[in-house]
Amino acid sequence: MRAVWLKEFGGPEVLVAGEAPEPVAGPGQALVEVAFANITFVETQFRAGGFGPFKAELPVIPGNGVGGVVTAVGPGAGEDLVGRRVIGSTGGSGGYAERAAVDATGLIEVPDGLELDAAVALLADGRTATMMLRAAGVRPGERVLVEAAAGGVGTLLVQLARAAGAKVVAAAGGPRKLELARDLGADVTVDYREPGWAEQVRQAAGGLDVVFDGVGGDIGRSAFELLGRGGRMLSYGLAGGSWVNVPEEAAAERGVRLVRPQFGPEELRAFTESALAEAVAGRLRPVIGQRFPLERAADAHAAIQSRATVGKTLLAVR
């Protein structure tokens, strides 16, 4: 079958398309004919130097999130899965390929009325955004800042926070991304590449109640300084290259709570299913900004690292 190999860590060019052995569904597994593979920022970091939650020995076929149709199951997996449209995680490897063997218990059936690519776009990002909103306890009338607001998670957080009745401030880099955030319902948009962006937020919205930090670094720290007493800060990404450095003591002095969501597997699954249901109902729109054929996985990684992408980036396998 066709697949993309990572044989050494490095730049996007180390992702090379080639042939790979056909996977076989083992005990408790399902074989998925992959139509779309999800690409996350964490995967670009793993490719560059092995950083992140994935543990794999090279050479490896990277890719953690896939969507497609189940064509076979292994011992102990339900035969009723065959023929169903599903999304699921591979455990960190094997996703950039025509077929993938996936833990059957972790598969989520794609509901009728939702396109498969939209479901794949919501697999990781929909779960994260829904989890973050729940953990923050956003209330009507609160002032919420979403960093990296034009990214996969950010575009969903803008919509979810607005639906919760919050005043949404979207921070992103460049006119194209700010326009997208406005289209999704942001009340205020600021370009965090410009000096004084934090003061623009203060003037437009006053102090903040919630910060969803998808950038980290200095931008995350500046956002933290905008929170008033009773505020909450949740970090979900490090697009700026490092996690935000806010000591617990500094947060306590300001009366700010650093929220670190902790949920079990069943709750995480429910968050993804909730995002899918909201999309079916037309209340949540996953933004798929880029699609690349499987053989161009290297170009997809390069686009993400260049910060030129908006929304979700998918590999179209079929």
Side-chain angles (χ1 to χ4, degrees), residues 41 125-174 177-178 180-182 184-263 267 271 284 307:
F41 182 71
D125 292 352
R127 176 182 63 230
T128 299
T130 305
M131 174 182 67
M132 288 290 168
L133 192 85
R134 175 79 61 83
V138 174
R139 297 182 289 270
E142 288 195 310
R143 296 154 298 178
V144 173
L145 173 68
V146 179
E147 300 170 14
V153 176
T155 52
L156 300 175
L157 279 171
V158 168
Q159 297 174 70
L160 291 170
R162 180 65 185 272
K167 179 175 183 178
V168 179
V169 180
K177 295 183 178 183
L178 297 181
L180 173 60
R182 284 191 292 269
L184 294 172
D187 299 284
V188 177
T189 58
V190 294
D191 189 334
Y192 50 33
R193 301 182 308 181
E194 296 181 356
W197 72 268
E199 185 57 32
Q200 293 179 41
V201 174
R202 195 182 301 278
Q203 292 178 3
L208 297 173
D209 300 294
V210 177
V211 167
F212 291 114
D213 170 37
V215 178
D218 293 339
I219 289 174
R221 182 69 195 215
S222 296
F224 165 76
E225 299 294 339
L226 294 169
L227 285 164
R229 297 196 70 82
R232 290 91 73 199
M233 183 168 190
L234 300 89
S235 294
Y236 68 89
L238 63 165
S242 64
W243 292 108
V244 65
N245 181 22
V246 178
E248 291 282 356
E249 297 79 8
E253 288 177 4
R254 295 179 58 88
V256 171
R257 184 160 54 98
L258 303 179
V259 181
R260 296 181 174 88
Q262 293 183 333
F263 296 100
E267 292 169 304
F271 289 138
L284 186 63
R307 305 293 194 272

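We count residues from 1, following the sequence as given. Because the structure is a prediction, the values reported are computed rather than measured.
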> Thr130 side chain to Arg127 main-chain N or O, any donor-acceptor pair under 3.5 Å?
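A pair under 3.5 Å: no.
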> Quick one, Arg254 with Glu249, criterion salt bridge (Lys or Arg N to Asp or Glu O under 4.0 Å). Give me CA distance, side-chain angles, the key distance, then yes/no.
CA-CA 9 Å; Arg254 295 179 58 88; Glu249 297 79 8; over 6 Å; no
> Is the backbone N or O of Gly137 less than 3.5 Å from a side-chain atom of Arg232, with the two atoms forming a donor-acceptor pair by type?
yes
> If you measure from CD on Gln200 to OG1 on Thr189, what distance do you get to the nearest 0.5 Å?
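It comes to 9.0 Å.
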> If you apply the rule side-chain contact (heavy atoms from CB on, under 4.5 Å), what do you find for Val144 with Leu208, and how did you get there?
CA-CA 6 Å; Val144 173; Leu208 297 173; over 6 Å; no
> For a side-chain contact (heavy atoms from CB on, under 4.5 Å) check, start with the C-alpha distance between Val244 and Met233, then their side-chain angles and the critical distance, and finish with the verdict.
CA-CA 10 Å; Val244 65; Met233 183 168 190; 4.1 Å; yes
> In Å, rounded to the nearest 0.5 Å, how long is the span from CG of Leu160 to OG1 of Thr155?
9.5 Å
> Would you name the heavy atoms of Asp191 and Gly174 that are closest together and state the gap between them?
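Heavy atoms only, the tightest pair is OD2-N, 3.1 Å.
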> Is the distance between the ring centroids of Phe212 and Tyr236 under 6.0 Å?
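Distance test on ring centres: not under 6.0 Å, no.
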> Taking all non-hydrogen atoms of both residues, which atom of Arg202 and which atom of Leu226 are closest, and how far apart?
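Answer, listing the atom of Arg202 first, then Leu226: NH2-CD2, 3.3 Å.
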> Minimum heavy-atom separation for Asp213 to Ser235, with atom names?
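Here Asp213 and Ser235 meet closest at OD2-OG, 3.0 Å.
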> Could you report the tightest heavy-atom contact between Ala136 and Leu234, atom names first, then the distance?
CB-CD1, 3.6 Å
> Take Val169 and Arg143 through the test side-chain contact (heavy atoms from CB on, under 4.5 Å) and record every step on the way to the result.
CA-CA 7 Å; Val169 180; Arg143 296 154 298 178; 5.8 Å; no
> Measure the shortest side-chain to side-chain distance between Ile219 and Glu147 over non-hydrogen atoms and say whether it is less than 4.5 angstrom.
yes
> Check whether any side-chain N or O of Glu253 sits under 3.5 Å from a backbone N or O of Ala250 as a donor-acceptor pair, and report yes or no.
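No; judged by distance alone, with no hydrogens or angles, the pair does not exist.
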> Can you tell me how far apart CG (Leu133) and CG (Leu156) are? Round to the nearest 0.5 Å.
11.0 Å
> Quick one: does any side-chain atom of Asp187 pair with a main-chain N or O of Val168 as donor and acceptor, under 3.5 Å?
yes
> Do the non-hydrogen side-chain atoms of Glu248 and Arg257 ever get within less than 4.5 Å of each other?
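Not touching, per the 4.5 Å side-chain cut-off.
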> Treating Arg221 as the side-chain partner and Asn245 as the backbone partner, does any N or O pair qualify as donor plus acceptor under 3.5 Å?
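Yes, Arg221 side chain to Asn245 backbone: donor-acceptor pair under 3.5 Å.
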> Can Arg162 and Lys167 be said to form a side-chain contact (heavy atoms from CB on, under 4.5 Å), step by step?
CA-CA 7 Å; Arg162 180 65 185 272; Lys167 179 175 183 178; over 6 Å; no
> Taking the side chain as every heavy atom from C-beta outward, state whether Glu267 and Met131 have any atom pair closer than 4.5 Å.
no
> So, for Ala181 and Val158, which heavy atoms are closest and what is the spacing to 0.1 Å?
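Closest heavy-atom pair between Ala181 and Val158: O-CG1, 4.1 Å.
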> With a 4.5 Å heavy-atom cut-off, do Val211 and Leu227 have their side chains touching?
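Yes. Closest side-chain heavy atoms under 4.5 Å.
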> Can you give me the closest heavy-atom contact between Ala149 and Val146, atom names plus distance?
CB-O, 3.5 Å
> Does some side-chain heavy atom of Val256 sit less than 4.5 Å from a side-chain heavy atom of Phe224?
yes
